[in-house]
Q: 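What follows is a single structure, and I will ask about it in a moment.
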Amino acid sequence: MSLALIRTRALAGLGAPEVTVEVHLANGLPAFNLVGLPDTEVREARDRVRAAIVTSQFEFPQRRITVNLAPADLPKEGGRFDLPIALGILVASGQVEAAALAQHEFVGELSLDGSLRPVRGALSMALANARAGRALVLPAVNADEAALATGAKILPAASLLAVCAHLNGHTKLEPHPAPQIAGAADADADLADVKGQLQARRALEVAAAGQHSLLMFGPPGTGKSMLARRLPGLLPPMDDAEALESAAIQSVEGGFDASRWRRRAYRAPHHSASAPALVGGGSTPRPGEISLAHHGVLFLDELPEFNRRVLEALREPLETGVVTVSRSRQRAEFPARFQLVAAMNPCPCGHAGNPRGQCRCTPDQVARYRGRLSGPLLDRMDITIEVPLLDHAELVAQPAGEASGTVRERVGRAWAIQRERQGVPNSQLPAGRVDALCAPDSAGQGLLDQAVRRLNLSARGYHRILKVARTIADLAGAERVGTTHLAEAIQYRRGLDAR
C-alpha cells in the first residue's frame, strides 16, 4: 500500500477541527515534501519523524514521500502532527497494519528517540474527538487532561513503538479512566489576614456576591493588592461546565494544572503587557490574559501605568464576555467572562490626601495622572472604593477579621438567589430586565433621582447602581431594593473626583 490516511486534530481558537494526514509513497529520487499550509514547527517534523522511525527500529523508506495535511486552507501549527505523519509513512510502506486506523485519531510530538512529548490543547481535541466517536491516541502526559472530556476514549502511549504495537495487534493500549480530581480547596490567601479596612472588605464582599468590577485606590502599602488576591477565595467553586470551559482555555495555552481544578483563575499581568497579551492575538490566535481569567479574576495593579490602548481594548469584553481575534487567514473567538479588579494610587507619588502631608504633586500632575483612565472605562467600574492609610497603632489594635470561608457562605447564598431569580449574576443582567428586577421603592427612587442629578450619571452608571444595590439587597436577604441598599451602592459610585 503506497497511500495512507490518518486522522488527527488541529487547533483553531478553542475548537479542534479534524485534519486528515495523507501520505503517499512514489518511485523516484528520495524526497520528503510536506504540504497543506504547515508552519515552521510542522515543517520541522520531517527531521523529527525520520529520526524517530529509525531509532524505533523501523525502516525509513528511500522513496519520494508526499504528506498532505487536509484541508489545505486551514493553518497547521505545533508538533502534534509528528505522530500521525510517522504512522502514515509506516502504514504506506507496509510496516504497520492499516485495519484499525478508521477507529482512531492520533496526536503527539515525537522526540528523536521515538518517545512522545505532550502537546497543547489536549482537552479541546478530546472534546471534539468524543463527538466523532473515535478513540484518541495521545502522549501519556496528556492523558489525565484529555480524560476530563465526557465520553472520550483516551488511549495514552509513551512512544511511537507502543502505538505501532497497538495497531499491529501485539500489545493493546489500555483506555485511560477519567481522573478523580478533588474539588477546589480553600484559597491559599485568607481574608482573615487583612486587618482593618472594613469598608474595603465590605466592597470586596459585594463585588464577589454580584461579580461586579472593582477599582481600589489609595496610598502604597494600604493592602489593595492583598485584598484583590483574596477575592477568588470568596467565590464559590466552579460547576462542571465552568470548570471544563476554563480548563479548555488553559489547555490551549499549555498551562493546564489538574491541582487547580474547579478553582477560580487569578491573573495579574504586569502593567507593561501589550494589547495582544491582554486580549489575545498572534499570527495564530492565542487566548490572552482576559480569557485565561475566564470565570475568575483579572487584577490590574497600577492601572494608570497600563498603556491607554491596552485598557481601551477591555471595554468590549467587559460588556460582552467574548473577545474575537481576527487575522488574515484565521478568526478565533475566546470566552472572556472575567471579574475585573484594579488598583491605583491617587497621584503619581501615591500620597495625595495623606493627612501627614507627604504629597508633593501639583493639582495639574494629579489631573494628568488620573486622566490616563478614560471616562468610558471608569464608567464600567461598578464599585470604586478608597483604601486609606491606617495609623500603625490603629492597625496593630485591629482584631482579626472574618475568614474567607465565612464570607464565601454569604456570597454563595447570594449567588443562589440570583441564579434562581434570573439565571445570571446581577452584573450580567441585560438592560431590559434591570428595571423589572432591581426597581427600588418610592423613597429609594427619589434618592436615586437625586444622585443622578448631583453625580451627572450616564444611563450605564444609573443601571450599574441598581445592579449593585440589588446585590446588596441579596446579601441582606431582602426581596426588594430599599433606600439603605441604594445609599450604599451610590457611595461606591462616587468615583475618584469625589475624594
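In this text, all values refer to a predicted model and were calculated from it rather than measured experimentally.
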Q: Locate the shortest heavy-atom distance separating G444 from T483; write the atom from each residue and the value.
A: N-OG1, 3.6 Å
Q: Only counting residues at least two apart or in another chain, list the ones meeting side chain to side chain contact (heavy atoms under 4.5 Å, CB included) with P440.
A: Q445, L466, V481, L486
Q: How about T40 and E44: do any of their side-chain heavy atoms sit closer than 4.5 Å?
A: yes
Q: Verify, without hydrogens or angle tests, whether H294 (side chain) and R337 (backbone) share a donor-acceptor contact under 3.5 angstrom.
A: yes
Q: Between R264 (side chain) and P232 (backbone), is there a donor-acceptor pair under 3.5 Å?
A: no
Q: Give me the one residue out of H212, Q211, R464 that meets side chain to side chain contact (heavy atoms under 4.5 Å, CB included) with N426.
A: H212
Q: Taking atom CD of E488 and atom CD of Q199, what is their separation to the nearest 0.5 Å?
A: 8.5 Å
Q: Once the angle between the rings of H271 and F306 is folded into 0 to 90°, is it parallel (under 30°), tilted (30 to 60°) or perpendicular (over 60°)?
A: perpendicular
Q: For residues D82 and E41, determine if any side-chain heavy atom of one lies less than 4.5 Å from a side-chain heavy atom of the other.
A: no
Q: Please test L475 against R202 for side chain to side chain contact (heavy atoms under 4.5 Å, CB included), starting from the C-alpha separation and ending with a verdict.
A: CA-CA 11 Å; L475 282 169; R202 170 63 177 176; 4.0 Å; yes
Q: Ignoring hydrogens and geometry, is there a side-chain-to-backbone donor-acceptor pair from T8 to V19 under 3.5 Å?
A: no
Q: May I ask you to decide if A247's main-chain N or O and W261's side chain share a donor-acceptor pair within less than 3.5 Å?
A: no
Q: So, the side chain of T222 versus the backbone of V387: is there a donor-acceptor pair under 3.5 Å, distance only?
A: yes
Q: How close do R480 and A439 get, heavy atom to heavy atom, and via which atoms?
A: NE-O, 3.5 Å
Q: Is the backbone of E316 close enough, under 3.5 Å, to the side chain of T320 for a donor and an acceptor to pair up by distance?
A: yes
Q: Between R286 and V325, is the side chain to side chain contact (heavy atoms under 4.5 Å, CB included) condition met? List the steps.
A: CA-CA 8 Å; R286 299 274 287 271; V325 181; over 6 Å; no
Q: Between K76 (side chain) and L74 (backbone), is there a donor-acceptor pair under 3.5 Å?
A: yes
Q: Find the distance between CG (D382) and CG (L215) and round it off to the nearest 0.5 Å.
A: 11.0 Å
Q: Show the numbers, then the answer: is there a side chain to side chain contact (heavy atoms under 4.5 Å, CB included) between L235 and V297?
A: CA-CA 10 Å; L235 306 177; V297 175; 4.0 Å; yes
Q: Are F338 and L292 packed together at the side-chain level, in the sense that at least one heavy-atom pair is separated by less than 4.5 angstrom?
A: no
Q: Just checking, is any N or O donor in the side chain of E312 or S374 under 3.5 Å from an acceptor N or O on the other one?
A: yes
Q: Between the side chain of D301 and the main-chain N/O of A268, is any donor-acceptor distance below 3.5 Å?
A: no
Q: Between CD of E145 and CE of M125, what distance do you get to the nearest 0.5 Å?
A: 8.0 Å
Q: Looking at every heavy atom in both R201 and G196, which two are closest together, and how far apart are they?
A: CD-O, 3.3 Å
Q: With a 4.5 Å limit on heavy-atom distance, are the side chains of E105 and E18 in contact?
A: yes
Q: Output the distance between atom CG (L298) and atom CG (L340), rounded to the nearest 0.5 Å.
A: 6.0 Å
Q: Can a salt bridge be assigned to the pair D474 and R470 using a cut-off of 4.0 Å between side-chain N and carboxylate O?
A: yes
Q: Return the CD to OG1 distance between E333 and T324, rounded to the nearest 0.5 Å.
A: 4.5 Å
Q: If you compare all heavy atoms of A149 against all heavy atoms of L123, which two are closest, and at what distance to 0.1 Å?
A: N-CD1, 3.9 Å
Q: Quick one: does any side-chain atom of R230 pair with a main-chain N or O of D190 as donor and acceptor, under 3.5 Å?
A: yes
Q: Check whether any side-chain heavy atom of K195 sits under 4.5 Å from a side-chain heavy atom of L390, and report yes or no.
A: no
Q: How long is the span from the CZ atom in R267 to the CD atom in E289, to the nearest 0.5 Å?
A: 4.0 Å
Q: Write down the atom of A122, the atom of A146, and the distance for their closest heavy-atom approach.
A: O-CB, 4.1 Å
Q: Are any non-hydrogen side-chain atoms of L214 and L231 less than 4.5 angstrom apart?
A: no
Q: Determine whether a donor-acceptor pair (N or O, by modelled atom type, separation under 3.5 Å) exists between the side chain of S404 and the backbone of L191.
A: yes
Q: What I'd like to find out is whether the side chain of H463 reaches to under 4.5 Å of the side chain of D435, using heavy atoms alone.
A: yes
Q: Hey, are Q365 and Y369 close enough side-chain-wise for a donor-acceptor pair under 3.5 Å?
A: no
Q: What are the two closest heavy atoms between P346 and P219, and how far apart are they?
A: CD-N, 3.9 Å
Q: E77: what forms a salt bridge (charged side-chain N to carboxylate O under 4.0 Å, His left out) with it, not counting sequence neighbours?
A: R80, R120
Q: Mind checking whether L127 and L244 have side chains closer than 4.5 Å, heavy atoms only?
A: yes
Q: In terms of heavy-atom contacts, does CZ of R117 have more than 12 from other residues, nucleotides or ligands at under 6.0 Å?
A: no
Q: If the threshold is 4.0 Å, N to carboxylate O, is there a salt bridge linking D379 and R493?
A: yes
Q: Step by step, would you call E402 with R410 a side chain to side chain contact (heavy atoms under 4.5 Å, CB included)?
A: CA-CA 12 Å; E402 286 183 304; R410 293 199 295 267; 2.7 Å; yes
